Chemist: 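One structure follows; several queries about it will come next.
In what follows, every chain begins at residue 1, and chains take the letters A, B, ... in the order their sequences are listed. Since we're looking at a predicted model, the values are computed, not measured.
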Protein chains: 2
Amino acid sequence: MEQHVIDAALERIRAALEAGQVDEAITALISLHPADQAEAFSDLKPDDQAEVLPRLNVDAAAELLEQLGDDEAAEAASRLSPGRLADVLDEMDPDEAADVLGDLPPDQAATVIAQMDAEQAEDVIPLLAYDDDTAGGLMTPDFPHLRRQMTCQQAIEHLRKLHPETETPYYLYVLDRDGKLIGVVGLRDLIISDPDTTIESVMNPDLITVPLGTDQEECARIIARYGLLALPVVGPDGRLVGVIHNDDIVEVMEEEATEDMYRLANVADSDEHVFSPVTRSVRSRLPWLIVNLGTAFLAAWVVSLFESTIARVAVLAALQSIVAGQGGNSATQSLTVIVRGMALGEVETKDALRAMTREASLGVLNGVAIGVIVGVGAYLWKGKPVLGLIIGLAMIGNMIAGGIAGAFVPLTLKALKLDPALASAVIVTTVTDCVGFALFLGLATVLLPYLT
Amino acid sequence: MEQHVIDAALERIRAALEAGQVDEAITALISLHPADQAEAFSDLKPDDQAEVLPRLNVDAAAELLEQLGDDEAAEAASRLSPGRLADVLDEMDPDEAADVLGDLPPDQAATVIAQMDAEQAEDVIPLLAYDDDTAGGLMTPDFPHLRRQMTCQQAIEHLRKLHPETETPYYLYVLDRDGKLIGVVGLRDLIISDPDTTIESVMNPDLITVPLGTDQEECARIIARYGLLALPVVGPDGRLVGVIHNDDIVEVMEEEATEDMYRLANVADSDEHVFSPVTRSVRSRLPWLIVNLGTAFLAAWVVSLFESTIARVAVLAALQSIVAGQGGNSATQSLTVIVRGMALGEVETKDALRAMTREASLGVLNGVAIGVIVGVGAYLWKGKPVLGLIIGLAMIGNMIAGGIAGAFVPLTLKALKLDPALASAVIVTTVTDCVGFALFLGLATVLLPYLT
């Protein structure tokens, strides 16, 4: 939508920098929405970024770092002096500040923390202990809270005094004397209730919470499933330690979907983008291509076992790829539906047998349909009914194998606590290649007298 | 997280229904969180669903229909009498009620609307004109609004009187006399500002809005990008006509990611689930398998042009799949990165040339690496240096072709206003199969004297 606005601003920024007018460039940059500033900033050359960033004021730099992707934010942070970076981190949400610090070398991070505001440092330091991709890493430890005996009016006044800057406090958590979470009040309920009602009587005591170590994908699933704006995170002692906001989860969902898509396509680095540096993309893609190459040689070896058959009936070489390829396509369909179902929490390890049976029976149905078409097609093309029979049967067999493998492999990976999307595609297509070649060429070898 | 709770409730529900105790079953069902009720309900047999649904009270049935997927909600709605359904729809959010009505046959929908509450019908009817997957179909027309000259205290009192039931009004829109949108106030700002301040002085006049016909994917992108809780939708005359809430967008994002993943894997029906009826999955998967089959025969025909070469050097049949397959893998990597980049709004049609050049150069780099490995591997395996040279060169050529096709196809589909994920995988792998076979077997034919 705003693309032309960003492009126009970028042009102004580049022209200003070329003319040495850094202030002019900064004016153009900060005229954009913060999210758009990040996009424009990312599109600048590293030298230009280095020129602009130190001259942004602290608030603008903090907004920019919050909006940039993790890698870019870390790179940008490394361009600031420790003192300046400390000032910028003071203005950021604690969870985002922790992400930046976590990406710095430990000694640099320590230097920066030492120069940060004591209160902010106190919020940020505990977060450094948690993985970026867990509830602990996603949450902000800075949340408004209420006591049950307050009235709604008192709560509103409390908020007015206490939390003018806190990030979107649309849910207000009610804590008991020990910091344990006992309920939640929506900001809306606070407003629409009679001012003299107590918090206890308007709060909802039925809370969905997650422990600190919960995987970010699980957090996203819960927020999406229950339509939450925020998800409270509790420590081992039941105390409320932080809150994950819905807008952080939107990013997580995008990240997780990208990761699954990339893994199914054997792209290793889920932060690879269309215009990442080429060397980064080579590192992201080449290793899996090499792994695939190993499995491709395995499939080639299966074919080579039947070289003497192929030398006598060379048309087999033309048709073999149909059997292997269609099996692979069918297996990829099964694999994708299963992997996505797992990501959306619709299929669990306990459903494994049912899912495999279902995909196998789909293999039978689609296999018979495709097998008949392919058999008739091969017969019409080459005029040999036995050839049609062989390819039809091999096709059915391979599509059943594909269906089973497409379900078995991701479910097994999940049961082993590995990512079901990782390596699944390689394993599954290796199965359909090898089974397809072996079935088709094996049947052809047995029935060779009828083919020549 | 709550899976065991749902499973336990399901067991109680099934046992109660078996014993003919529908009330008992309903008690077990409504003890769950609404989102979990929908999951448990979906897992019941159609007969059981038909028994439970009409006996739920109107509010519970409304919650259930809101939480069910579109198809399931339509099916459930068809189990209710028109009068009952009208009562249930009266309790639903207008956008969700419109989705249900839109899936009914028009005459039935008309009968139901006639029995609905006049005020709700007035909200719902205009929504029926919009596609489910546009801003108009996603928005709710029922939103609280303020006037600029109100004070914050008056606004709070206005909300208290007026909108106790409205869905999450965390943003309050400020309208002028003509219904045009002039600003937005966060509920938080309302609370933390001095009660006597005017709305005009606390409102933010910089608004991001979308027109009615905006595609849902674009709406999701804007909400995610700018971290919004709600997105206002404006009519052609600039009047505010509705608001899209952030939680509806989470579903849209899941849907769109599923659709892209499925399309890349040639699964047509993005509502197919792991445990959809088998016939539905056949309808979703078989057509694309048949399309693929056509392209597979095309590739087989390319191979058949070289039958006499293969008859003399049968090992070519073993190695040809490596060339075609690795090209396909590499092309799928490019395709996936490009399609995902488009979905996230990172790559546009204007970037086409740059993207293609980049993917082609990745093809060169990865192609040389894989070409050298495959060439040396083939040489070591079969002891023929010329064979190694041929497969190495063909590999490089095919990986360049794959990179170009992987970028060109989705960008072209997008330029033609088609879904870039749709059919891309089929076209791209057809290119790498045909080019791979032709390059490898063609080179082998030219250099045949050195191979025999």
Chemist: Can you tell which of A:Ile156, A:Asn292, A:Val267 has the highest number of heavy-atom pairs within less than 4.5 Å of chain B?
Modeler: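 Looking at each option in turn, the highest pair count goes to A:Asn292.
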Chemist: Return the option, out of B:Ile310, B:Val282, B:Val250, B:Leu335, with the maximum number of heavy-atom pairs under 4.5 Å with chain A.
Modeler: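 Top count of heavy-atom pairs under 4.5 Å with chain A: B:Val282.
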Chemist: Salt bridge check, B:Arg285 against A:Glu359: does any charged N sit closer than 4.0 Å to a carboxylate O?
Modeler: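 Yes, A:Glu359 and B:Arg285 are salt-bridged.
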Chemist: Is a salt bridge present between B:Glu157 and B:Arg160, judged by a nitrogen-to-oxygen distance below 4.0 Å?
Modeler: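 No salt bridge links B:Glu157 with B:Arg160.
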Chemist: Check the pair B:Asp36, A:Arg225 against side chain to side chain contact (heavy atoms under 4.5 Å, CB included), reporting the backbone distance first and the verdict last.
Modeler: CA-CA 8 Å; B:Asp36 295 334; A:Arg225 183 187 183 94; 2.7 Å; yes
Chemist: Heavy atoms only, distances under 4.5 angstrom: which of B:Ala378, B:Ser334, B:Ala220 has the most pairs with chain A? Name it, please.
Modeler: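 Result: the option with the highest number of such pairs is B:Ser334.
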Chemist: Sub-3.5 Å donor-acceptor pair from the side chain of B:Ser284 to the main-chain atoms of B:Asp269, do we have one?
Modeler: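 Present.
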Chemist: Below 4.5 Å from any heavy atom of chain B, which atoms of A:Arg221 appear? Answer side chain, backbone, both or neither.
Modeler: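 A:Arg221 has no heavy atom closer than 4.5 Å to chain B.
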Chemist: Donor-acceptor pair, distance only, cut-off 3.5 Å: does the side chain of B:Ser193 make one with the backbone of B:Leu190?
Modeler: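 Not confirmed, B:Ser193 side chain does not pair with B:Leu190 backbone.
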Chemist: In terms of heavy-atom pairs under 4.5 Å, which option from B:Ala311, B:Gly328, B:Gly341, B:Gly377 contacts chain A the most?
Modeler: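 It is B:Ala311.
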Chemist: Do you know which of A:Val274, A:Thr295, A:Val303 has the most heavy-atom pairs with chain B at a distance under 4.5 angstrom?
Modeler: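 Option with the top pair count is A:Val274.
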Chemist: For each of A:Ser304, A:Gly325, A:Gly227, A:Ala224, tally heavy-atom pairs with chain B at distances under 4.5 Å, and name the one with the top tally.
Modeler: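 Max contact count across the listed options: A:Ser304.
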Chemist: Top residue by heavy-atom pair count (under 4.5 Å) with chain A, among B:Leu316, B:Asn329, B:Thr332, B:Ile290?
Modeler: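 Highest number of heavy-atom pairs under 4.5 Å: B:Asn329.
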Chemist: What residue, out of A:Val315, A:Asn266, A:Val302, A:Leu365, has the most heavy-atom pairs lying under 4.5 Å from chain B?
Modeler: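 Going by pairs under 4.5 Å, I would pick A:Val315.
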Chemist: Measuring from atom CE of B:Met399 to atom CG of A:Leu289, what distance do you get when rounded to the nearest 0.5 angstrom?
Modeler: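 Spacing of CE (B:Met399) from CG (A:Leu289) equals 5.0 Å.
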Chemist: List in chain and number order the residues that pass ring-ring contact (aromatic ring centres under 6.0 Å, His included) with B:His33, two or more places apart in sequence or in another chain; answer none if no residue qualifies.
Modeler: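 ring-ring contact (aromatic ring centres under 6.0 Å, His included) list for B:His33, sorted by chain: A:Tyr226.
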Chemist: Between A:Val426, A:Leu362, A:Val347, who has the most heavy-atom pairs with chain B when the cutoff is under 4.5 Å?
Modeler: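 Top option by heavy-atom pairs under 4.5 Å: A:Leu362.
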Chemist: What part of B:Trp301 gets closer than 4.5 Å to chain A, counting heavy atoms only: side chain, backbone, both or neither?
Modeler: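 Interface part for B:Trp301: both.
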Chemist: Counting heavy-atom pairs under 4.5 Å to chain A, which of B:Lys382, B:Arg312, B:Gln320, B:Gln67 comes out on top?
Modeler: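 Most heavy-atom pairs under 4.5 Å with chain A: B:Gln320.
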Chemist: Quick check on the interface: out of A:Glu307, A:Arg358, A:Met261, who has the most heavy-atom pairs with chain B under 4.5 Å?
Modeler: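 Most heavy-atom pairs within the cutoff with chain B belong to A:Arg358.
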Chemist: Looking at B:Asp351 and B:Glu346, what are the two nearest heavy atoms and their distance?
Modeler: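 Result for this residue pair: OD2-O, 4.2 Å.
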Chemist: Using modelled atom types only, decide if a donor and an acceptor are shared between the side chain of A:Tyr262 and the backbone of A:Glu272 within a distance under 3.5 Å.
Modeler: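 Between the backbone of A:Glu272 and the side chain of A:Tyr262 there is a qualifying donor-acceptor contact (under 3.5 Å).
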